Protein chains: 2
Amino acid sequence: MLEAPEETPRQDNRKQDIADAARSLIAERGFEGLRTRDIADRVGINIATLHYHIPTKQDLVRLVAESLRTDFVRQHQRRPRQGLSPVDRLRQEFADFRENLESNIDLFTVMAELGERARRDPEVRAELEPMRAYWHAQIADFLKAGRDDGSFRGDLDPQAAASIVIGTLTGSRRQSDPSLAHFDAICAELLRCFQNP
Amino acid sequence: MLEAPEETPRQDNRKQDIADAARSLIAERGFEGLRTRDIADRVGINIATLHYHIPTKQDLVRLVAESLRTDFVRQHQRRPRQGLSPVDRLRQEFADFRENLESNIDLFTVMAELGERARRDPEVRAELEPMRAYWHAQIADFLKAGRDDGSFRGDLDPQAAASIVIGTLTGSRRQSDPSLAHFDAICAELLRCFQNP
DNA sequence: AGCATTCTCAATCAATTGATTGATTGATCC
DNA sequence: GGATCAATCAATCAATTGATTGAGAATGCT
């Protein structure tokens, strides 16, 4: 679970360029406005070259979904998480998310577009569901640990609380106030929600 | 603010049919797969007739957004909310949302698609932002009232907590467990988050 | 260097798409 | 009944779209 896909040596640069261009265009125009010619133009190649490397538009969508999954995996392997207390673990989760809000905003737009497409495209769904389940399980684990060690409320339901964390974080950009200051206030409030009084 | 748009007597039935068909198709295929011919087919009219009533695709998108806003207003006027305690007010919010999860699931899909489109379409944004702000303010108001009357925690931040409620509710369908039972568990956990210990 | 494979391109294809045109029908009013 | 306006339709348009073809260039291997 959660392994990055393999790539042959020669094509990987071109495919990476194509994936990056597609992500950038999805962030700007959504899947609704995604055109293969626009992608080729952005990479600086001919449309037929795009089709040589990525034969169909559906292959392209799959490539983008895999590319996002690869990023997700990297993110989760980037910081050692052993030895952190449940409270610090939750803080870490917020800090990671905030960092992406600041410096990788396209990631969210593309993730959201993929999320909507997942509803009607089984291949996208197959990429996204394991990521969602993994993230949820991670959060539920340390919430449970926090409840059990007494740092979080004794009546906390870890599964439900994990859904609250995820929903709140991913929904933060859709709020009427999408500022980072409000995001910080939300995170502080979530900590108060879970802390043992 | 939050008034339903007016309609001339003869066209309103046709426009309503068109809006309903468009919503249904958006729920199935997203904006990505929305085609004017498919809408005309679903209504049972010719494509030229569709253009007679709704001249451009952008007009159609606006019509759908207005239609959603009208529904939102109706929902908020349907149940009297005066005299409820803050805790019951929050419960009411959860019950209303759950009812839609059960019986009007397309509404969410269309709202989500509009939400993504709002990022790149100012007209959609102009319809959605007041709704978001209104909903957020409503929730923040009764959370504040609950904090002030002692039923919610004294350190509760109403603005942040409202964002948590909204993010959690709207994110509930995207979770790895989208069941109604899990939704109920989430709502119970949110109540525990806010209640005064 | 020669051969095989990979990669690139311009031109092209067939189908689709939002939209238009002009004729006709339906409804209303005097 | 005739005039006017609203509504409808089949046919059509121009542009776009995902994709293909065939030739040639670039790369890798012996």
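None of the values given here were measured: they were computed from a predicted structure.
Closest approach to the A/Thr36 side chain among D/dA7, C/dA19, D/dG18 is made by D/dG18 (side chain taken as heavy atoms from C-beta onward). In this structure, the nucleotide among C/dT8, D/dA7, D/dG18 sitting nearest to the side chain of A/Arg14 is C/dT8.
In this structure, A/Asn46 atom CG and C/dC7 atom C1' are separated by 11 Å, rounded to whole Å. Residue A/Asp41 contributes atom CG, which lies 11 Å from atom P of D/dT17 at whole-angstrom precision. Here C/dA10 presents its P atom at 12 Å from CZ of A/Arg37, a figure rounded to the nearest Å. The distance between atom CD1 of B/Ile18 and atom P of C/dG18, rounded to the nearest whole Å, is 14 Å. Between the C1' atom of C/dG18 and the CZ atom of B/Phe31 lies a distance of 16 Å, rounded to the nearest Å. If you measure from atom CD1 of A/Ile47 to atom P of D/dT16, you get 14 Å, rounded to the nearest angstrom. Taking atom CD1 on A/Ile45 and atom C1' on C/dT6, their separation rounds to 14 Å, with Å as the unit. The NZ atom of B/Lys57 sits 8 Å away from the C1' atom of C/dG18 (whole-angstrom rounding).
Both A/Ala48 and A/Arg35 lie close to DNA chain D; mapped to their nearest nucleotides by heavy-atom distance, the more 5′-ward contact belongs to A/Arg35.
As judged by a 4.0 angstrom heavy-atom cut-off over every strand, B/Leu34 is placed among residues touching the sugar-phosphate backbone only.
B/Glu127 and B/Arg62 are not joined by a salt bridge, as no carboxylate oxygen comes within less than 4.0 angstrom of a charged side-chain nitrogen. A/Arg42 has no carboxylate O lying under 4.0 Å from a charged side-chain N of A/Asp20, or vice versa, which leaves the two without a salt bridge. The pair A/Glu189-B/Arg153 counts as a salt bridge, with a side-chain nitrogen and a carboxylate oxygen less than 4.0 angstrom apart. Salt-bridge check for B/Glu116 with B/Arg119: passed, with a basic side-chain N closer than 4.0 Å to an acidic carboxylate O.
For D/dA7, the OP1/OP2 oxygens have no side-chain nitrogen or oxygen of B/Thr49 closer than 4.0 Å. Taking only side-chain nitrogens and oxygens, B/His51 never comes nearer than 4.0 Å to OP1 or OP2 of D/dA7. Distances shorter than 4.0 Å separate none of the side-chain N or O atoms of A/Tyr52 from OP1 or OP2 on C/dT8.
Remark: A/Arg147 fails to qualify as a cation-pi partner of A/Phe152 under the 6.0 Å distance and 45° angle criteria applied to the six-membered ring.
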